[in-house]
There are 2 protein chains.
Amino acid sequence: MDKNSNKTQNMQEMRHLFVVLSRQFGLLQKESSQCCGVTTIQSHILYEIKQGYHMTLNQLAQRLCLDNSTTSRHVHGLVEKEYVVRLPHPEDRRYVTLELSEKGKKLEEEITEMMTTSIMDMFKDLPEDKMTSMRTEIKDLTEIMRKSDICCYPPF
Amino acid sequence: MDKNSNKTQNMQEMRHLFVVLSRQFGLLQKESSQCCGVTTIQSHILYEIKQGYHMTLNQLAQRLCLDNSTTSRHVHGLVEKEYVVRLPHPEDRRYVTLELSEKGKKLEEEITEMMTTSIMDMFKDLPEDKMTSMRTEIKDLTEIMRKSDICCYPPF
DNA sequence: ATAATTAGTTGTATTTTGCAACTATTAAAT
DNA sequence: ATTTAATAGTTGCAAAATACAACTAATTAT
């Protein structure tokens with residue numbers, strides 16, 4: 001049973017790596033967002049709206065794993081600041097599709113710029129091929145995690 | 001400048017992978033914690049106390065990137081539920097060192113068990129060598145992110 | 001001996017959150 | 001065709017989380 005205990009140990013190490021990884025990335029997100037004058041969640045919303053095509057509020061809430069109402073309020077804040085516009089769906093007027101305004105697009109790009117710069121900076125001393133292999137493995141890992149049905153909708 | 005735009009694209013992909021990764025792992029944490037009757041933050045605290053030796057409250061707050069007071073209250077909740085004990089530091093009575101009670105250790109192990117099982121399940125169809133290379137790359141990535149000084153203290 | 005510093009707790013106001021109740025719109029059933 | 005269900009989204013409300021500031025207790029520096 002030595003093999004099994006070894007596996008358990010590996011999984012615990014994996015868990016630890018995830019803890020560190022997501023905490024550090026969380027910090028990066030927080031920093032970049034606040035630097036641009038919005039909260040982390042608000043920048044998440046901008047990101048999701050940008051990615052998604054004609055996203056509705058409920059879809060957004062599912063993506064963020066937040067309640068309907070909470071999401072509605074966050075969106076409200078972004079609409080007030082004129083980063084997001086609510087458009088009634090032409091086919092079904094119950095739906096509200098969310099789009100970025102020009103101002104919102106600009107802000108989102110600013111945040112993205114900050115984050116990618118930080119990430120680039122992290123990897124600046126890494127050789128090209130190491131970088132490539134890392135990206136490959138992380139891509140595969142992400143796919144595995146995305147597919148595992150934990151709850152809510154995985155981010156596309 | 002084709003090389004540069006390629007690099008930017010790679011970084012944006014990286015950012016996206018981080019978003020998915022940390023969101024999915026966040027869900028896993030939430031699920032495992034709540035399943036064991038505590039909040040995500042509380043399980044974080046249990047984990048940190050377990051890892052750290054004679055952790056003090058301020059150290060813990062720094063680890064979690066939370067305010068002193070907020071952390072104090074969370075710890076208070078865990079002490080009330082008898083998962084954590086506060087011990088006065090023998091050398092300096094200002095400090096309070098935090099330790100897991102027997103009950104707390106058991107709970108922490110339960111949460112760990114849940115998480116590692118989930119992670120193991122994710123990887124169940126992955127060949128051994130792929131798993132190994134993945135772990136290696138993630139380990140290196142984590143180390144890179146840990147070293148990048150974003151703010152607060154990186155989790156050891 | 002006194003002042004300054006440090007660790008941690010508690011008061012208070014703000015923010016975030018989810019549940020439930022509500023409105024508006026569309027789909028289903030009789 | 002009219003009534004009933006269901007669905008999308010918003011708002012009221014109470015609970016939880018959070019940070020700042022004021023506080024206590026203990027230690028260190030002057």
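In the text below, chain A, chain B and the rest are named by the order of the sequence lines, each starting its count at 1.
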To the nearest Å, how far apart are B:Y95 OH and C:dT6 P?
9 Å

Distance, rounded to the nearest Å, where B:L66 contributes CG and C:dT16 contributes C1'
14 Å

Which pairs pass ring pair (Phe, Tyr, Trp, His ring centres under 6.0 Å) with one or both residues in residues 91-123 of chain B, sequence neighbours excluded?
B:H89-B:Y95

Are the charged groups of B:E109 and B:K106 less than 4.0 angstrom apart, N to O?
no

Whether A:H74 contacts C:dT15 is assessed here as follows: a side-chain N or O lying under 4.0 Å from the phosphate OP1 or OP2. Is that the case?
no

Round to the nearest Å and state the distance from A:Q42 atom CD to C:dT15 atom P.
12 Å

Can you name the side-chain hydrogen bond (donor to acceptor under 3.5 Å, both in side chains) partners of B:T112, sequence neighbours left out?
A:R15, B:E108

With sequence neighbours left out, the residues meeting side-chain hydrogen bond (donor to acceptor under 3.5 Å, both in side chains) with A:E13 are B:R135, B:K139

Under the rule for salt bridge (charged side-chain N to carboxylate O under 4.0 Å, His left out), what residues qualify as partners of B:K130, not counting sequence neighbours?
A:E137, A:D140

Please list, for nucleotides 11-15 of chain D, all pairs of protein and nucleotide N/O atoms separated by less than 3.5 Å.
from	atom 1	to	atom 2	distance (Å)
D:dG12	O6	A:R73	NH2	2.7

Can you pull the ring pair (Phe, Tyr, Trp, His ring centres under 6.0 Å) pairs that have at least one residue in residues 48-79 of chain B, sequence neighbours excluded?
none

In chain order, what residues pass the ring pair (Phe, Tyr, Trp, His ring centres under 6.0 Å) check against A:Y83, with sequence neighbours excluded?
none

What's the verdict on side chain to side chain donor-acceptor pair (under 3.5 Å) for B:S22 and A:S22, showing C-alpha distance, side-chain angles and the deciding distance?
CA-CA 5 Å; B:S22 52; A:S22 51; 5.9 Å; no

Atom pairs, protein N/O to nucleotides 26-29 of chain C N/O, distance under 3.5 Å:
from	atom 1	to	atom 2	distance (Å)
C:dT26	OP1	A:R93	N	2.9
C:dT26	O4'	A:R94	NE	3.4

What is the distance, to the nearest angstrom, from the NZ atom on A:K30 to the P atom on C:dT16?
12 Å

Double-helix bend of the helix from C:dA1-D:dT30 to C:dT25-D:dA6, axes at both ends from 5 pairs, round to 10°, gives 10°

Does D:dA5 adopt a syn or an anti glycosidic conformation, taking syn as a chi angle within 90° of 0?
syn

A:H89 NE2 to D:dT7 P, in whole Å, measures 17 Å

In whole Å, I'd like the distance from the CD1 atom of A:I41 to the P atom of D:dT18.
11 Å

Can you name the salt bridge (charged side-chain N to carboxylate O under 4.0 Å, His left out) partners of B:E102, sequence neighbours left out?
B:K105

Provide the Watson-Crick or G-U wobble partner of C:dA29, both distances under 3.5 Å; none if there is no partner.
D:dT2

Identify, with sequence neighbours excluded, every residue that meets salt bridge (charged side-chain N to carboxylate O under 4.0 Å, His left out) alongside B:D67.
none

Can you list everything that forms a salt bridge (charged side-chain N to carboxylate O under 4.0 Å, His left out) with B:E91? Sequence neighbours excluded, please.
none

Rounded to whole Å, NE2 of A:H54 lies from C1' of D:dG9 at a distance of 18 Å

Nearest whole angstrom, please: distance from the P of C:dA24 to the CG of A:N58.
18 Å

